[in-house]
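Source: prediction; values computed, not measured. What you see below is based on every heavy atom in this structure, not just the backbone, and it leaves out hydrogens, waters and symmetry mates.
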Amino acid sequence: MAIDRELQAKNLTHDQRSALVDEQEAVEALYESDRRTYAAAYTAAVHEAAARCGITAPVVVVIATSGQRGEMWDNLAEELHRVAREQTPIPGSG
């Protein structure tokens with residue numbers, strides 16, 4: 001991250017370093033907020049898609065890291081994932 005590189009500079013004043021740390025913390029907080037908001041919207045979209053498919057059993061959504069799939073990933077999970085991704089806007093996309 002650019003802020004990390006800037007923090008490596010040895011000629012920063014205390015105020016400059018403090019401002020960069022504050023900025024980095026704000027960026028990280030925004031990222032985490034966006035991630036939680038997206039996960040909640042994605043989970044809601046999966047539940048709605050499952051209901052439209054007539055699924056009455058509870059559907060547990062696990063937010064995995066990039067490229068990770070659970071043991072039970074199957075065609076139904078793939079379809080619910082596809083629908084949820086189509087219906088859940090990515091933070092910052094409008």
Side-chain angles (χ1 to χ4, degrees):
M1 192 187 302
I3 296 173
D4 289 333
R5 284 193 302 275
E6 289 183 44
L7 283 169
Q8 299 304 317
K10 295 181 183 188
N11 60 344
L12 292 175
T13 67
H14 174 74
D15 289 343
Q16 289 171 323
R17 187 171 304 283
S18 180
L20 284 170
V21 168
D22 290 347
E23 184 177 355
Q24 185 175 39
E25 289 172 356
V27 167
E28 289 171 2
L30 178 61
Y31 171 78
E32 285 303 318
S33 174
D34 283 350
R35 200 171 78 94
R36 283 189 304 274
T37 300
Y38 181 81
Y42 176 90
T43 299
V46 167
H47 290 156
E48 290 168 12
R52 282 193 305 276
C53 290
I55 297 170
T56 58
V59 175
V60 177
V61 177
V62 176
I63 305 298
T65 59
S66 180
Q68 184 182 28
R69 290 197 170 144
E71 295 174 18
M72 300 300 291
W73 198 267
D74 57 15
N75 290 338
L76 176 59
E78 187 71 44
E79 178 62 12
L80 294 175
H81 174 66
R82 183 190 66 73
V83 170
R85 288 198 55 173
E86 287 175 359
Q87 295 180 357
T88 308
I90 296 173
S93 66

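- No more than 12 heavy atoms of other residues, nucleotides or ligands lie within 6.0 Å of CZ in R85, so this atom counts as exposed by the packing criterion.
- Scanning all heavy atoms of the two residues, the minimum distance from L7 to Q24 falls at CD1-OE1, 3.5 Å.
- The side-chain heavy atoms of V83 and E48, taken from C-beta on, include no pair separated by under 4.5 Å.
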Review point. Under the side-chain contact (heavy atoms from CB on, under 4.5 Å) criterion, do I55 and L76 qualify, and how do the steps go?
Key: CA-CA 10 Å; I55 297 170; L76 176 59; 3.6 Å; yes
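- No side-chain heavy atom of Q16 sits under 4.5 Å from any side-chain heavy atom of N11.
- Looking at every heavy atom in both residues, Y38 comes nearest to P91 through CD1-CD, 3.8 Å.
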Exercise for review: Apply salt bridge (Lys or Arg N to Asp or Glu O under 4.0 Å) to E78 and R82, showing your working.
Suggested key: CA-CA 6 Å; E78 187 71 44; R82 183 190 66 73; over 6 Å; no
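- Side-chain contact between Q87 and Y42 is absent, with no heavy atoms from C-beta onward closer than 4.5 Å.
- When side chains are defined from C-beta on, V21 does not count as touching I3, because their heavy atoms never get closer than 4.5 Å.
- R17 contributes a side-chain N or O that, together with a main-chain N or O of A9, makes up a donor-acceptor pair within less than 3.5 Å.
- Going from atom CG of D15 over to atom CG of L20 covers 11.0 Å, rounded to the nearest 0.5 Å.
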Under 3.5 Å donor-acceptor pairs involving side-chain atoms of residues 29-36, not counting sequence neighbours:
{"residue": "E32", "atom": "OE1", "partner": "R35", "partner atom": "NE", "Å": "3.3"}

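- Scanning all heavy atoms of the two residues, the minimum distance from A50 to L80 falls at N-CD2, 3.5 Å.
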